[in-house]
2 protein chains.
Amino acid sequence: MGGKKTSITNHIKRIRLARTELTQAGLAERVGATRQTIIAIEAQKYAPSLELAFRIAHVLNEPVEEVFQFDSSLWD
Amino acid sequence: MGGKKTSITNHIKRIRLARTELTQAGLAERVGATRQTIIAIEAQKYAPSLELAFRIAHVLNEPVEEVFQFDSSLWD
DNA sequence: TATTTACGTAAAAAATACTTTACATTCTGT
DNA sequence: ACAGAATGTAAAGTATTTTTTACGTAAATA
């Protein structure tokens with residue numbers, strides 16, 4: 001069920017397709033995660049760990065805060 | 001035992017003491033976490049989730065990448 | 001001295017992220 | 001139409017993060 005909705009969203013897919021040639025599998029390999037993890041994160045099923053977020057941003061050549069957004073308005 | 005060393009470090013304590021009046025308990029309350037969590041993260045026992053990292057940076061008035069560092073040199 | 005405040009350790013349980021495996025769908029190109 | 005590549009769903013198990021609870025120590029102060 002559901003799980004607790006995180007207030008983190010991301011533009012991984014947009015950036016991946018627009019600025020790289022990477023497939024989900026390719027990105028997964030470069031960041032040291034599995035394809036399933038990338039699929040779930042791109043589908044906003046859950047937020048990555050901080051470390052994985054850094055790796056993804058690094059591989060996509062973008063700052064973390066460009067790739068991931070924290071919606072501080074739905075805070076508490 | 002040990003667990004897998006994360007390649008994330010942080011300067012929460014330094015920034016908290018230098019730029020705010022917040023205690024560990026105060027920071028914990030403002031970010032919606034427990035005091036234990038702040039203690040463990042400041043002690044570099046583990047890295048926070050991405051969401052908590054965003055909240056901490058937000059409360060400390062710093063960009064995520066100022067508060068948290070990813071050591072990409074010890075990558076794979 | 002006694003009390004309060006801040007910081008610290010420890011450990012079990014709960015919540016969340018990640019992997020592994022297997023199979024289904026969609027798209028592209030021949 | 002067919003094959004292959006890329007994307008998707010699902011579910012069980014492992015790993016990591018966070019909470020909860022309890023206790024310990026040091027500093028400031030009434």
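Letters go in sequence order (proteins before strands), and every chain restarts at 1.
The only option from A/N10, A/T6, A/T9 that meets the side chain to side chain donor-acceptor pair (under 3.5 Å) definition with A/Q44 turns out to be A/N10.
Here B/K13 does not reach the OP1 or OP2 of C/dA6: none of its side-chain N or O atoms lies under 4.0 Å away. Residue A/R16 places at least one side-chain N or O under 4.0 Å from the OP1 or OP2 atom of D/dT7. Between B/K45 and D/dT17 there is no side-chain N or O to OP1 or OP2 distance below 4.0 Å. Applying the 4.0 Å criterion to OP1 and OP2 of D/dT19, one finds that B/T37 has a side-chain N or O inside that range.
Between B/Q36 atom CD and D/dA22 atom P there is a gap of 13 Å when expressed in whole angstrom units. For B/E42 and C/dA6, the CD to C1' distance is 12 Å, given to the nearest whole Å. Rounded to whole Å, atom P of C/dT19 lies 11 Å from atom CD of A/E51. Note: CD1 (A/I8) to P (C/dT16) measures 14 Å, nearest angstrom. For the pair B/L22 CG and C/dT5 P, the computed distance is 17 Å after rounding to whole Å. Protein atom CG of B/L27 is 16 Å distant from nucleotide atom C1' of C/dG8, rounded to whole Å. Protein atom CD1 of A/I56 is 12 Å distant from nucleotide atom C1' of C/dC18, rounded to whole Å. Separating the CG atom of A/L50 from the C1' atom of D/dT18 is a distance of 15 Å, rounded to the nearest angstrom.
Aromatic ring pairs are classed by plane angle as parallel below 30°, tilted from 30° to 60° and perpendicular above 60°; the pair B/F70 and A/F54 is parallel.
Base contact: B/T34 has a heavy atom under 4.0 Å from a base atom. Among the protein residues, B/A33 comes within range of the sugar-phosphate backbone only, with heavy atoms under 4.0 Å from sugar or phosphate atoms but none that close to a base. Here B/A47 lies in heavy-atom contact (under 4.0 Å) with sugar-phosphate atoms only.
When all heavy atoms of B/P48 and A/L50 are compared, the pair lying nearest together is O-CB, 3.4 Å.
Cluster annotation: B/I15 is connected to B/V59 through the hydrophobic network of ILVMFWY side chains, with a link wherever side-chain heavy atoms come within less than 4.5 Å.
For B/I39, taking side-chain heavy atoms from C-beta onward, the closest of the listed nucleotides D/dT18, C/dT9, D/dG8 is C/dT9. Side-chain proximity of A/Y46 to C/dC7, D/dT17, C/dC18: nearest is C/dC18.
Between B/E29 and B/R35 no salt bridge is recorded (no basic side-chain N to carboxylate O distance below 4.0 Å).
Between A/Q24 and A/S49, the residue whose closest nucleotide on DNA chain D is further toward the 5' end is A/Q24. With DNA chain D read from its 5' end, the first of the two nearest nucleotides for B/R35 and B/A40 is the one closest to B/A40.
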